[in-house]
**Q** 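Before anything else, here's the structure in question.
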Amino acid sequence: MSQTSGLYVAGDSYFHRMDGAVKLILLLTWTVVTFLFMDLRVFAVMLAGGVSMLLLTRVPFRKMALLFWALTVFTVVNSVFILLITPRFGTTLTRSNTPLIPLGYDTVNTETLFYVLTLSLKYLTLLPITLLFIFTTHPSRFAASLHKLGVPYKLAYAVSIAFRYIPDLTKEFRTILNALQMRGLGISRGDGTLVQRARNLTQAIVPLLQSSLQHIESVSDAMDLRGFGTKQQRTWYMGTVMTGFDKLIALLCVVLLVSGIWLKRSLFQGFWYPFG
C-alpha cells in the first residue's frame with residue numbers, strides 16, 4: 001500500500017500521543033451521549049468542546065476538508081428531505097403548530113424547522129471527535145491498542161489494514177475516473193445532464209471492485225507467506241503504553257457517560273422546544 005499511515009496526519013499534540021484505545025473509548029462515549037439527547041443546549045455545549053479539542057490537534061483544515069464537506073452536505077440534504085416530506089413533523093414532538101413556510105401541498109411549521117436545526121446540530125456534534133480520531137490515530141498503534149484491550153490480534157490487524165487502505169482506494173478511484181474521461185466518458189459538469197453523468201459514473205464501480213479484490217489478494221498472499229496467524233499471540237512494533245493521563249481520560253469518559261445518562265433521566269428527557 002502506498003500510504004502506510006492511511007489518513008493519519010503526523011503531529012505532536014496530546015491527542016496524537018494519546019493511546020489509540022482511549023481515543024476509541026472517547027469516540028464511543030461521545031457518540032452514545034450525543035444520541036441520548038434531543039436538546040439543542042446540550043449539543044451546543046458538546047460541539048464547542050469537540051471543536052476546542054479538534055483545534056488542539058493542529059491538523060490542517062485542508063486535510064479534513066473532504067470529510068467535513070461530505071458530512072455537511074449529508075446534513076443539509078437530510079434536513080431538506082425532512083422539511084419536504086414531513087413538514088409538520090415537529091408538531092408530534094411539541095403538540096403545537098405554528099405555520100411558517102407554505103409549500104403548496106403543505107406548510108412547514110416553526111416546530112419542524114427547530115427540530116431540523118436540532119437534528120443537524122446533533123450530527124455536527126459528532127464531527128469534531130470523529131475527525132480527531134481519524135486524523136490523529138496511527139493505524140498500527142491503534143491496532144496494538146485494540147489488542148491490548150482484548151480484541152483478537154487478527155481482527156485488530158484487519159482494522160489497521162482498513163484504515164491504511166482508504167487513501168489507496170480514493171487514489172484508485174480517481175485514476176479510474178481519469179481513464180474514463182480520457183476515453184470520452186462525460187463525468188464533469190457540462191458533460192450532460194445530472195442523470196447521464198451519474199450513469200457514466202457507475203461505470204467506474206466494476207473496475208474499482210476488480211482493483212480492490214486484486215489488492216486484497218496481494219495483501220492476503222503476502223501475509224500468508226509471512227506466516228501471519230500461525231501463532232496465538234504476537235508482539236507489536238508500534239505498541240504504546242497507557243500513561244496516567246490516558247487512564248484519567250478513560251475515567252472522565254466513564255464520568256461523562258454516567259452524567260449523560262443521569263441528565264437524560266432527570267433533566268433533559270425529551271425534545272427541547274423553547275417556544276412552546
Side-chain angles (χ1 to χ4, degrees), residues 7-9 11 13-83 86 89-90 93-94 108 110-137 245-246 248-276:
L7 295 176
Y8 173 75
V9 177
S13 70
Y14 167 70
F15 292 102
H16 284 84
R17 300 189 300 271
M18 182 187 291
D19 188 84
V22 176
K23 273 188 281 191
L24 178 61
I25 293 173
L26 175 61
L27 175 64
L28 294 177
T29 303
W30 199 269
T31 302
V32 170
V33 172
T34 299
F35 278 96
L36 279 176
F37 298 97
M38 200 60 191
D39 194 301
L40 191 68
R41 299 167 296 179
V42 176
F43 299 148
V45 173
M46 293 184 67
L47 181 60
V51 170
S52 299
M53 287 188 284
L54 182 61
L55 291 176
L56 290 175
T57 66
R58 299 186 182 90
V59 175
F61 178 76
R62 59 184 176 81
K63 297 287 187 179
M64 306 180 289
L66 180 60
L67 289 178
F68 174 82
W69 289 117
L71 184 56
T72 301
V73 170
F74 165 78
T75 302
V76 172
V77 171
N78 182 65
S79 301
V80 170
F81 271 102
I82 292 175
L83 291 174
T86 57
F89 178 76
L93 300 173
T94 62
V108 176
T110 306
E111 291 78 8
T112 302
L113 194 61
F114 191 83
Y115 165 76
V116 167
L117 176 63
T118 303
L119 187 63
S120 299
L121 197 62
K122 182 174 190 172
Y123 293 146
L124 292 177
T125 299
L126 297 173
L127 180 60
I129 299 299
T130 304
L131 294 176
L132 183 152
F133 177 78
I134 291 174
F135 290 99
T136 66
T137 305
F245 201 69
D246 289 334
L248 176 60
I249 296 298
L251 179 61
L252 290 177
C253 288
V254 175
V255 173
L256 175 63
L257 181 59
V258 173
S259 300
I261 295 174
W262 179 81
L263 289 172
K264 175 65 175 178
R265 293 174 61 90
S266 58
L267 298 177
F268 307 104
Q269 297 181 359
F271 175 66
W272 179 68
Y273 183 67
F275 308 110

**Q** For F74 and Y123, take the angle between the two ring planes, folded into 0 to 90°, and tell me which bin it lands in: parallel under 30, tilted 30 to 60, perpendicular over 60.
**A**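 The arrangement is tilted - the two ring planes meet at 30° to 60°.
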
**Q** Is it true that, when you exclude R41 itself, more than 12 heavy atoms of the residues, nucleotides or ligands shown sit nearer than 6.0 Å to its CZ?
**A**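 Counting neighbours around CZ of R41, more than 12 heavy atoms of other residues, nucleotides or ligands fall under 6.0 Å, so yes.
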
**Q** State, yes or no, whether a side-chain contact exists between L47 and P128 at a heavy-atom distance under 4.5 Å.
**A** yes

**Q** Will you find, in the side chains of T34 and T125, an N or O donor that is under 3.5 Å from an N or O acceptor?
**A** no

**Q** Tell me whether the centres of the aromatic rings in Y273 and F114 are closer together than 6.0 Å.
**A**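 Yes.
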
**Q** Roughly how far, to the nearest 0.5 Å, is CD1 of I261 from OG of S266?
**A** 11.5 Å

**Q** Give a yes or no answer on whether the side chain of T75 reaches the backbone of S120 with a donor-acceptor pair at less than 3.5 Å.
**A**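 Absent.
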
**Q** Tell me if a side-chain donor or acceptor on T136 pairs with a main-chain N or O of H16 at a distance below 3.5 Å.
**A** no

**Q** Just wondering, more than 12 heavy atoms not from K264 lying within 6.0 Å of its NZ?
**A** yes

**Q** State the CG-CG distance between L252 and L257, to the nearest 0.5 angstrom.
**A**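 These two atoms lie 12.5 Å from each other.
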
**Q** Please round to the nearest 0.5 Å and tell me the distance separating atom OG1 of T86 and atom CZ of F81.
**A** 11.5 Å

**Q** Donor-acceptor pair, K122 side chain versus F43 backbone, under 3.5 Å?
**A** no

**Q** Given F245 and R17, is the side-chain contact (heavy atoms from CB on, under 4.5 Å) satisfied, shown in steps?
**A** CA-CA 11 Å; F245 201 69; R17 300 189 300 271; over 6 Å; no

**Q** Just by modelled atom types, is the L126 backbone N or O under 3.5 Å from a matching donor or acceptor in the T130 side chain?
**A** yes

**Q** Mind checking the CG-CG spacing from L251 to L256? Nearest 0.5 Å is all I need.
**A**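 That separation rounds to 11.5 Å.
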
**Q** Do F37 and W272 have side chains that approach each other closer than 4.5 Å (heavy atoms only, starting at C-beta)?
**A** no

**Q** Taking it one step at a time, do L267 and W262 satisfy side-chain contact (heavy atoms from CB on, under 4.5 Å)?
**A** CA-CA 8 Å; L267 298 177; W262 179 81; 4.2 Å; yes

**Q** Atom CE of M64 and atom CZ of F135: how far apart are they, to the nearest 0.5 Å?
**A** 7.0 Å

**Q** Do I134 and L67 touch side chain to side chain, with heavy atoms closer than 4.5 Å?
**A**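 Contact flag for I134/L67 side chains = yes.
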
**Q** Can you see which heavy atom on C253 is nearest to which on L26, and at what distance?
**A**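 Reported closest heavy-atom pair: SG-CA, 3.6 Å.
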
**Q** Under 3.5 Å, side chain of T57 to main-chain N/O of L54, donor-acceptor pair present?
**A**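 Yes, the answer is positive, given that a donor and an acceptor are paired below the 3.5 Å cut-off.
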
**Q** To check you understand the geometry: which heavy-atom pair defines the closest contact between T72 and F68, and what is its length?
**A** OG1-O, 2.8 Å

**Q** Return the minimal non-hydrogen interatomic distance between G50 and I129, and the atom names on each side.
**A** CA-CD1, 4.2 Å

**Q** Given L263 and V42, is the side-chain contact (heavy atoms from CB on, under 4.5 Å) satisfied, shown in steps?
**A** CA-CA 10 Å; L263 289 172; V42 176; over 6 Å; no

**Q** To the nearest 0.5 Å, what is the distance between CG on L127 and CG on L132?
**A**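 The CG atom of L127 sits 11.0 Å away from the CG atom of L132.
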
**Q** Can you check whether L56 reaches Y14 side chain to side chain, under 4.5 Å on heavy atoms?
**A** no

**Q** Kindly give the heavy-atom pair with the smallest separation between F15 and M53, and that separation in Å.
**A** CE1-O, 3.6 Å

